[in-house]
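Whatever order the structure lists them in is the order used to number ligands and atoms, beginning at 1. Just so we're clear, the structure is a prediction, and the values are computed from it rather than from any experiment.
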Amino acid sequence: MTLKEMDQTYILHSYARNYVNFKKGKNATVFDEEGKDYIDFTSGIGVVSVGHANERVANAICKSAKNIIHISNLYLIEPQAILAKKLVERSGYDMRCFFANSGAEANEGAIKIARKYGEVEGEPKRYKIITLENSFHGRTITALKATGQEKMHNYFGPFPDGFVYAKDIDQIPSLCDEKTIAVMIELIQGEGGVEPQEKQKVKELEKFLKEKDILLIIDEVQTGIFRTGELLASNLYEIEPDIITLAKGLGGGVPIGAIMTNLKDIFKPGDHGSTFGGNYLVTSAANEVLDILQEEKDSGRLDERFIYFEEKTKALAKKFNSIVLKEVGIGFMRGLRIKDGDILSSLINEAFKNGVLVLKAGRNTLRFLPPLTITKDEIDKGFERLTEVFKKVAS
Ligand SMILES: *Cc1c(COP(=O)(O)O)cnc(C)c1O
């Protein structure tokens with residue numbers, strides 16, 4: 001049985017798989033079993049933030065594995081406490097953290113915090129949560145219901161009550177009523193198509209919600225951990241959310257999610273929990289990831305890479321303006337709006353054949369989420385290959 005047959009026989013078919021068998025990665029380059037190299041502009045959908053096979057993260061993981069991988073949240077977990085301190089101090093937010101295992105799970109926890117706040121904080125009891133159309137908050141039943149894409153809700157009902165979708169940020173205030181407890185948004189919609197919100201509008205929304213005592217939840221599962229240049233996109237937007245959720249880039253590849261909140265005493269023992277959440281292994285890795293990225297930021301290297309990458313994307317957009325509508329995004333969450341979905345699919349397929357991994361987002365966006373440590377050389381190579389691909393598809 002070939003690997004492909006094994007996969008098709010024994011794995012549920014929930015992904016549109018590419019049948020390539022990657023054997024090795026190094027920073028933003030991966031190699032398949034024939035030794036062919038690919039420039040990785042996806043970082044495993046924003047996960048491998050410090051690149052593949054990062055030596056420092058590998059050492060942190062090995063060290064933890066040889067001491068304690070897992071104990072349980074019934075006991076102190078030193079790297080977990082250190083990680084929480086780093087997230088709180090470096091974000092500048094007066095908050096506490098809870099560690100989960102994924103983005104969806106972090107959002108579930110955020111929703112539980114909001115629901116408990118709405119339950120204990122007085123009459124009338126409030127439970128409604130407003131999210132945006134085209135948002136993405138995860139695949140568990142509640143996170144899926146929070147996701148404002150009706151087509152994804154097919155087959156899986158009934159769902160928990162209390163989710164309301166706003167067309168855009170401007171519509172949110174008019175949807176708030178006496179039952180509304182929270183608003184949950186991404187500052188830059190990722191899966192929805194690399195759609196940054198306007199800073200001024202977010203700040204106005206923040207002010208409105210504060211006055212109404214409605215919680216502001218920012219889903220930073222994709223935007224967090226320096227993806228936009230700051231530790232959190234909330235820092236970049238200069239807002240003070242009540243709850244922030246993190247996952248993707250935080251562990252450099254190990255599964256970890258986090259909730260940060262200023263409602264420091266919302267949970268009592270027993271209200272929430274996770275067997276694996278924040279264990280030695282994943283928090284040891286995440287501590288190393290945060291230190292590496294802080295150094296990249298402080299040295300100016302991160303911003304240099306952003307500027308270089310943005311120049312390259314803009315040049316590509318200009319050169320192929322017959323199929324590219326515009327260039328969008330912030331930091332290393334970038335995209336090209338493509339004339340139509342069919343052209344986009346051809347671009348992604350041809351890019352793969354030509355040794356570049358890129359992503360689709362929304363209906364017609366070619367999305368780039370490279371590792372934050374990508375080298376100039378890797379960027380050059382990736383865009384040389386993409387230029388050939390665009391030439392072929394545009395002609
Ligand atoms: C990926 C993503 C999620 C879901 O994260 P999982 O780890 O796949 O559960 C939630 N919110 C946003 C904004 C995401 O990009």
Side-chain angles (χ1 to χ4, degrees), residues 12 14-16 41-49 98-114 129-149 152-153 156 163 165-166 169 182-197 202 216-228 231-234 236-237 241 243-260 274 276-278 282 285-286 289 328-335 359-362 365 367-372:
L12 286 173
S14 58
Y15 302 102
F41 281 170
T42 73
S43 60
I45 319 195
V47 167
V48 194
S49 49
F98 177 91
F99 291 100
N101 309 289
S102 67
E105 218 188 303
N107 286 335
E108 290 274 341
I111 291 164
K112 279 179 75 177
I113 290 173
I129 295 173
I130 299 173
T131 66
L132 289 177
E133 279 180 14
N134 228 18
S135 56
F136 184 77
H137 299 296
R139 302 282 190 167
T140 58
I141 288 284
T142 305
L144 191 59
K145 185 62 181 170
T147 294
Q149 301 189 48
M152 292 175 71
H153 300 167
F156 303 116
F163 288 91
Y165 312 114
I169 230 174
V183 166
M184 175 154 88
I185 59 169
E186 300 154 88
L187 291 172
I188 307 168
Q189 285 186 342
E191 304 305 310
V194 192
E195 298 272 7
Q197 297 293 348
V202 176
L216 177 58
I217 306 173
I218 303 292
D219 178 346
E220 294 231 29
V221 169
Q222 193 160 147
T223 57
I225 316 300
F226 294 102
R227 182 71 35 202
T228 68
L231 173 62
L232 304 175
S234 297
L236 185 72
Y237 277 69
I243 306 173
I244 295 167
T245 56
L246 296 167
K248 292 194 165 88
L250 177 57
V254 299
I256 182 170
I259 309 165
M260 302 174 69
S274 165
F276 293 114
V282 297
V289 167
V328 289
I330 298 176
F332 269 167
M333 218 172 144
R334 308 211 78 87
L359 296 162
K360 179 183 177 180
T365 303
R367 179 170 47 150
F368 304 112
L369 291 172
L372 306 181

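At a heavy-atom cutoff of 4.0 Å, ligand 1 is contacted by the backbone of His137 but not by its side chain. Heavy atoms of Ile45 found under 4.0 angstrom from ligand 1: none, in either backbone or side chain. Contacts of Ser102 with ligand 1, taken as heavy-atom pairs under 4.0 Å, involve both backbone and side chain.
Here the heavy atom of the protein found nearest to atom 6 (P) of ligand 1 is Gly103 N, 3.5 Å. Among all non-hydrogen protein atoms, the one lying nearest atom 14 (C) of ligand 1 is Lys248 NZ, 2.9 Å. Ranking protein heavy atoms by distance to atom 9 (O) of ligand 1, first place goes to Ala104 N, 2.7 Å.
Here the CD-CG distance, from Glu108 to Leu144, works out to 10.0 Å after rounding to the nearest 0.5 Å.
Shown in contact with Asp219 at under 4.0 Å from a heavy atom are these atoms of ligand 1, numbered in order with element: 10 (C), 11 (N), 12 (C), 13 (C). Every atom of ligand 1 is numbered from 1 in the order shown, and the set under 4.0 Å from a heavy atom of Asn107 is 10 (C), 11 (N).
Between Gln222 and ligand 1, at least one pair of N/O atoms sits closer than 3.5 Å. Inclusion of Ala247 in the set of residues having an N or O under 3.5 Å from an N or O of ligand 1 is not warranted.
At a cut-off of 3.5 Å, with distance as the only test, a side-chain donor of Glu220 or Ser234 sits close to an acceptor on the other residue.
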